[in-house]
Number of protein chains: 2
Amino acid sequence: MSVRNSLLALLATRSAHGYALKSAFEHCTAGAWPLNVGQVYTTLARLARDGLVRSTQPQDHDTDRHPWEITPAGRDALADWYRRPIDPRPPRDELAIKVLLALALESGAVDQVLQTQRTATMQRLQEYTLTKRDTDPHRQLAVLLLLDAQILKAQAELDWLDLCAARIREHRAGSAS
Amino acid sequence: MSVRNSLLALLATRSAHGYALKSAFEHCTAGAWPLNVGQVYTTLARLARDGLVRSTQPQDHDTDRHPWEITPAGRDALADWYRRPIDPRPPRDELAIKVLLALALESGAVDQVLQTQRTATMQRLQEYTLTKRDTDPHRQLAVLLLLDAQILKAQAELDWLDLCAARIREHRAGSAS
DNA sequence: TCAGTATGTATACCGGGTATATATGTGTCA
DNA sequence: TGACACATATATACCCGGTATACATACTGA
């Protein structure tokens with residue numbers, strides 16, 4: 001959904017070709033999520049099918065390439081996206097699933113899973129922190145915000161891993177008695 | 001990927017039918033992510049194609065339904081999953097994308113986006129906290145761990161939203177001067 | 001006995017995402 | 001000048017995750 005809505009947001013400021021949309025998306029998001037061009041075209045086709053976007057009419061002796069523009073219905077859909085919070089239903093959380101399955105099926109393996117993940121996440125956190133130190137908060141605001149997000153998520157993950165380990169310890173102590 | 005690996009993990013403890021795998025997955029993950037049965041069968045078919053799983057040989061006068069079992073290659077793949085941390089490449093973060101696009105394209109809209117999201121996330125956090133209060137840490141360990149994860153993520157999201165607002169304020173103050 | 005629910009399998013369909021084929025223009029460097 | 005890399009530009013094939021649905025059978029309780 002995010003690419004779909006992003007394309008609407010970009011087209012709301014000015015009409016553009018598919019390729020330009022890819023570039024603009026990557027520019028706005030500071031290159032954090034490279035966008036496959038193919039996806040732009042298929043997404044545009046779906047948006048057109050749903051009446052949120054249309055290709056501008058070719059001028060008389062124009063080439064047969066003409067940019068896409070947003071429709072009124074598209075502006076409505078975009079306004080909805082801005083107005084509503086992001087869908088709160090959590091997508092499948094691979095780490096949580098892995099931990100819960102290990103706990104349920106091979107409870108000996110769960111400590112190893114927690115430990116491995118902790119090391120890897122700690123490593124990532126350090127990389128983010130180093131990168132952040134070299135980020136100019138005036139000229140690279142988007143990069144900085146993204147790093148903030150990744151750092152906060154990594155820290156939350158570490159907290160959760162520690163909490164898991166503690167709760168599982170307690171649980172075992174409780175069961176043993 | 002998480003369903004694929006989960007099926008391997010479940011089959012590693014005992015062979016089972018597709019439907020039983022669905023039930024077992026939901027049981028292990030405390031019902032947090034209902035699993036569509038259809039996905040179980042298509043995923044099993046892919047696992048079989050890749051040689052990680054096979055359907056057990058039917059006994060002589062057996063019905064033509066027989067459970068799936070994991071292969072040695074499947075056990076290797078599962079061990080890999082347990083051994084390696086979850087892929088650190090962050091998937092597209094819809095909230096971050098929305099904030100960055102709003103900031104870049106309609107910087108007036110970003111405050112509204114941040115505020116709306118903050119309210120919604122705060123609400124969710126309160127719901128999680130209420131649910132957690134009614135969770136027995138001995139009999140519902142999995143539920144508790146999941147709630148911990150959701151709470152920590154929601155708090156991290158709130159922190160990020162506040163940080164965004166602050167950084168954007170600063171940035172505007174800096175640009176204005 | 002009939003309706004509802006659990007068990008069980010299969011398939012169609014959609015959307016997100018990647019890879020790839022295929023052009024054309026543009027700049028640059030030996 | 002010709003070769004080569006690279007950006008611009010579009011289209012399509014393919015895979016995977018995920019949902020909906022059709023279709024059975026068996027149990028179970030009103």
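FYI, side chains are in, hydrogens and waters are out, and symmetry mates aren't considered; it's all heavy atoms of this structure.
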query: Can a side chain N or O of A:Y19 be found less than 4.0 Å away from OP1 or OP2 on D:dT8?
result: yes

- prompt: Rounding to a whole Å, what distance do you find between A:E26:CD and C:dG17:C1'?
  reply: 14 Å

field: Side chain to side chain, A:N5 and B:K98, heavy atoms closer than 4.5 Å
entry: no

message: When you measure from the side chain of B:T121 to the backbone of B:R118, do you find a donor-acceptor pair of N or O atoms at a distance under 3.5 Å?
response: no

Gap between atoms CG and C1', on A:L35 and D:dA7 respectively (whole Å): 16 Å

- request: In whole angstrom, give the distance that lies between atom CH2 of B:W68 and atom P of C:dG8.
  value: 15 Å

task: Tell me which residues in residues 74-85 of chain B put a heavy atom below 4.0 Å from DNA chain D, sorted by number, or none.
output: none

query: So do A:W68 and A:T56 actually touch side chain to side chain, heavy atoms under 4.5 Å?
result: no

- request: Give the rounded distance in Å between these two atoms: CZ of B:F25 and C1' of D:dG17.
  value: 12 Å

For nucleotides 11-16 of chain C, which of its nitrogen or oxygen atoms have a protein nitrogen or oxygen under 3.5 Å away, and what is each distance?
| unit_1 | atom_1 | unit_2 | atom_2 | d |
| --- | --- | --- | --- | --- |
| C:dG15 | OP1 | A:R49 | NH2 | 2.8 |
| C:dG15 | OP2 | A:R49 | NH1 | 3.3 |
| C:dG16 | OP1 | A:M1 | N | 3.1 |
| C:dG16 | OP2 | A:R46 | NE | 3.3 |
| C:dG16 | OP2 | A:R46 | NH2 | 2.8 |

- request: Report yes or no: does B:H171 contribute a side-chain atom to a donor-acceptor pair with the main-chain N or O of A:L141 at less than 3.5 Å?
  value: no

message: Can you tell whether the side chains of A:E26 and A:K22 come within less than 4.0 Å, N to carboxylate O?
response: yes

Pair B:R172 + B:D111, salt bridge at N-O below 4.0 Å: yes

- prompt: Any ion pair linking A:R4 and A:D50 (charged N to carboxylate O, less than 4.0 Å)?
  reply: yes

Nearest-angstrom distance from the residue atom NZ of A:K22 to C1' of D:dT8: 11 Å

message: Using whole Å, what does the distance between atom P of nucleotide D:dC16 and atom CG of B:L7 come to?
response: 14 Å

task: Among B:L95, B:T116, B:V113, find the one that has a side-chain contact (heavy atoms from CB on, under 4.5 Å) with A:P85.
output: B:T116

field: Members sharing A:V37's hydrophobic cluster (side chains within less than 4.5 Å)
entry: A:Y19, A:Y41

task: Can you tell me the distance, in whole Å, between the NE2 atom of B:H17 and the P atom of C:dA6?
output: 19 Å

